[in-house]
There are 2 protein chains.
Amino acid sequence: MTSGTGIDALDAKLIELLEAEPRIGVLECARRLGVARGTVQARLDKLIARGVVRDFGPRVDPAALGYPVTAFVTLELRQAVGHQPMAQRLARIPEVLEAHTVTGAGDMLCRIVARTNAELQDVIDRVLASEGVLRATTVIALAEQIPHRTLPLVKEAAGLN
Amino acid sequence: MTSGTGIDALDAKLIELLEAEPRIGVLECARRLGVARGTVQARLDKLIARGVVRDFGPRVDPAALGYPVTAFVTLELRQAVGHQPMAQRLARIPEVLEAHTVTGAGDMLCRIVARTNAELQDVIDRVLASEGVLRATTVIALAEQIPHRTLPLVKEAAGLN
DNA sequence: GCATACACTGGTCGATATGACCAGTGGAAC
DNA sequence: GTTCCACTGGTCATATCGACCAGTGTATGC
């Protein structure tokens, strides 16, 4: 009973299945879940329409691309500089993969990758060169203990614990 | 000339195309890129084999799932507790989407989501309940200025600037 | 009690993409 | 000059897709 914004157990199992084996089609999903093909199709359409599933784009691994160094950089900005223009400047740096405005002492938190530690310094310098950055605090990611995941959350939302 | 670990301009354009419209198939890609279908197939196979493209799994949006609050939590751990067992404990909390060991004052950096700010406190309490956590520093993400992206990096790696 | 709305079933249909082949061509490296 | 490799452009059978359809079951509201 797909209520309002919620997620169904079938929805969750569908997402889990696609997560595990993205190559299989709608038909194969239907077979494995034991439901009609049209049902899977309808569920998937609705999940996409509601924005729960954004897309099925290729997930690129920066490390395999030659950028094995990941760092999280907290920026302190001059108050006069808005976040929007700052984000635009950051967006021009390819190594900046992600940026959020945050609460606390810092104003922005960015995820940055680089080929080497030396090049990381280079990237940070480019960030610092942006007008309005007062200070950058960097922590380097030594290991990815939990790679980005959403499955457990999907199951939780579906009430499957 | 797909050299060693590098990325080709054709590879980059292929990834870009798939990123923009994940639903189109190999055949359509070949048409748009102006190459033979077999070429696209071979390139894609190699990209996946090399790990540059991890998979084509569904990208789930936690906000659309009902978890609009994102926070980054830095954990200080008791030295005696290893990172591995800590990661295993964190992995049992569905709201922990990501975790890295990091340099600096903190020992681990986690990405956490929650339904509300009140529930965020709840999740953090669950994290703190884990044995070995001395302190947790939380910053809440107010806005996603740059959503997770890899395209600019792919182009950079391919030498397309 | 009855009518409506909705989700799912199980079936068909034609159009299309897929993965597998193949011989032939061009360029680069040895 | 020869070998290697990537790409081309073509064919083939199979499987899937997206679209339909009537029928069933359940929950809802009148």
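Naming: A, B, ... by sequence-line order, numbering from 1 per chain.
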Quiz item: Residues two or more places apart in sequence or in another chain: which of them pass ring-ring contact (aromatic ring centres under 6.0 Å, His included) with F72(A)?
Solution: H100(B)
Practice problem: With sequence neighbours left out, write down each residue that passes side chain to side chain contact (heavy atoms under 4.5 Å, CB included) with Q88(A), or none if nothing qualifies. | Solution: none
Self-check item: Summary of salt bridge (charged side-chain N to carboxylate O under 4.0 Å, His left out) pairs that have at least one residue in residues 63-87 of chain B, sequence neighbours excluded
Solution: E76(B)-R135(B), R78(B)-E131(B)
Exercise. Let me know the distance between CG of D11(A) and C1' of dC8(C), rounded to the nearest Å.
Key: 13 Å
Practice problem: Check whether any side-chain heavy atom of T74(B) sits under 4.5 Å from a side-chain heavy atom of V139(A), and report yes or no. | Solution: no
Self-check item: salt bridge (Lys or Arg N to Asp or Glu O under 4.0 Å) partners of D61(B), counting only residues at least two apart
Solution: R54(A)
Exercise. Could you pull out all residues at least two apart from E98(A) that satisfy salt bridge (Lys or Arg N to Asp or Glu O under 4.0 Å)?
Key: R111(A), R111(B)
Pairs under 3.5 angstrom, nitrogen or oxygen only, protein versus nucleotides 22-24 of chain C, please.
none

Self-check item: Length of the line joining F56(A):CZ and dC17(D):P, which is rounded to integer Å
Solution: 12 Å
Quiz item: When the distance from CG of D45(B) to P of dA6(D) is rounded to whole Å, what number comes out?
Solution: 12 Å
Quiz item: What residues join L151(A) in its hydrophobic cluster, counting side-chain heavy atom gaps under 4.5 Å, either direct or through other members?
Solution: none
Quiz item: Hey, does R31(B) reach any base, or is it just sugar-phosphate, or nothing, if we go heavy atoms under 4.0 Å?
Solution: sugar-phosphate
Exercise. Please give the angle, rounded to 10 degrees, between the axes at the start and the end of the helix from dG1(C)-dC30(D) to dC30(C)-dG1(D), where five pairs define each axis.
Key: 40°
Quiz prompt | Minimum side-chain heavy-atom gap V60(B)-V52(A) below 4.5 Å | solution = yes
Self-check item: Residues within residues 32-42 of chain A bordering DNA chain C, heavy-atom distance below 4.0 Å
Solution: V35(A), A36(A), R37(A), T39(A)
Exercise. Answer yes or no: does a side-chain N or O of R43(B) lie under 4.0 Å from OP1 or OP2 of dA6(D)?
Key: no
Exercise. Return each pair, listed once, that meets salt bridge (charged side-chain N to carboxylate O under 4.0 Å, His left out) where at least one residue sits in residues 136-148 of chain A; pairs must be two or more places apart or across chains.
Key: none
Quiz prompt | Fellow cluster residues of L27(B), listed by chain then number, with links counted only when side-chain atoms sit under 4.5 Å apart | solution = none
Exercise. Supply the members, apart from I112(A), of the Ile/Leu/Val/Met/Phe/Trp/Tyr cluster built from side-chain contacts under 4.5 Å; use none for a lone residue.
Key: V69(A), V73(A), L75(A), L77(A), M86(A), L90(A), I93(A), V96(A), M108(A), L120(A), V123(A), I124(A), V127(A), L128(A), V133(A), I140(A), I146(B)
Exercise. Write down the distance between CG (L27(A)) and P (dG10(C)), rounded to a whole number of angstrom.
Key: 14 Å
Quiz item: Starting at CZ of R23(A) and ending at P of dC17(D), how long is that distance when rounded to a whole Å?
Solution: 13 Å
Practice problem: For K13(A) and dC8(C), give me the distance from atom NZ to atom P, rounded to whole Å. | Solution: 13 Å
